[in-house]
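What follows is a short report on a single structure.
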Amino acid sequence: MEIKNRVDNLERVALEFEGAQFAVRHVLANLLSRLDRHDAEECLRELQSTGRRHGIELGESRLTGYLDELEALKVASANVRKVGAPPLRAVS
């Protein structure tokens with residue numbers, strides 16, 4: 001029974017982490033979609049370059065996940081842009 005509880009807990013934690021990752025992706029995609037398209041693409045290219053420069057430190061699996069997440073973010077921000085996100089505005 002102990003092992004089943006541990007497996008259940010690990011599954012729950014993994015799903016919660018995945019949900020949190022989706023939330024962060026959606027927030028960032030929304031913000032990127034409000035930037036000028038060129039600026040958003042430049043930002044993602046810089047992040048990809050940074051990830052590749054530190055790839056040895058990250059390790060192959062983390063680097064793959066990092067680059068995959070940036071690509072998913074690029075797709076998500078393009079989808080948000082299609083629906084017409086309003087431009088960013090200063091908040092006081």
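All heavy atoms count here, side chains included; hydrogens, waters and symmetry mates do not.
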Closest heavy-atom pair and its distance - A40, R81: CB-NH2, 3.8 Å
side-chain contact (heavy atoms from CB on, under 4.5 Å) partners for L15, two or more places apart: E11, E18
Results of side-chain contact (heavy atoms from CB on, under 4.5 Å) for R45 - residues two or more places apart only: H38, E41, E42, Q48
Partner set under salt bridge (charged side-chain N to carboxylate O under 4.0 Å, His left out) for [X], not counting sequence neighbours:
{"X": "R25", "result": "E69"}
{"X": "D8", "result": "K4"}
{"X": "E71", "result": "none"}
{"X": "R37", "result": "none"}

For residues 58-66, run the donor-acceptor check on the side chains, cut-off 3.5 Å, and write out each pair with its distance to 0.1 Å, sequence neighbours left out.
residue : atom : partner : partner atom : Å
T64     : OG1  : E60     : O            : 2.9
Y66     : OH   : L47     : O            : 3.2

Quick one: side-chain hydrogen bond (donor to acceptor under 3.5 Å, both in side chains) partners of [X], sequence neighbours excluded?
{"X": "H26", "answer": "none"}
{"X": "E46", "answer": "none"}
{"X": "E16", "answer": "R12"}
{"X": "R53", "answer": "S49, T50"}

Side chain to side chain contact (heavy atoms under 4.5 Å, CB included) between L31 and L35, worked out: CA-CA 7 Å; L31 290 172; L35 294 175; over 6 Å; no
Hydrophobic cluster partners of I3 (side-chain heavy atoms under 4.5 Å): V7
Atom pair OG/CG of S77 and L44 - distance to nearest 0.5 Å: 6.0 Å
Connected via hydrophobic side-chain network under 4.5 Å: V24 and L32: yes
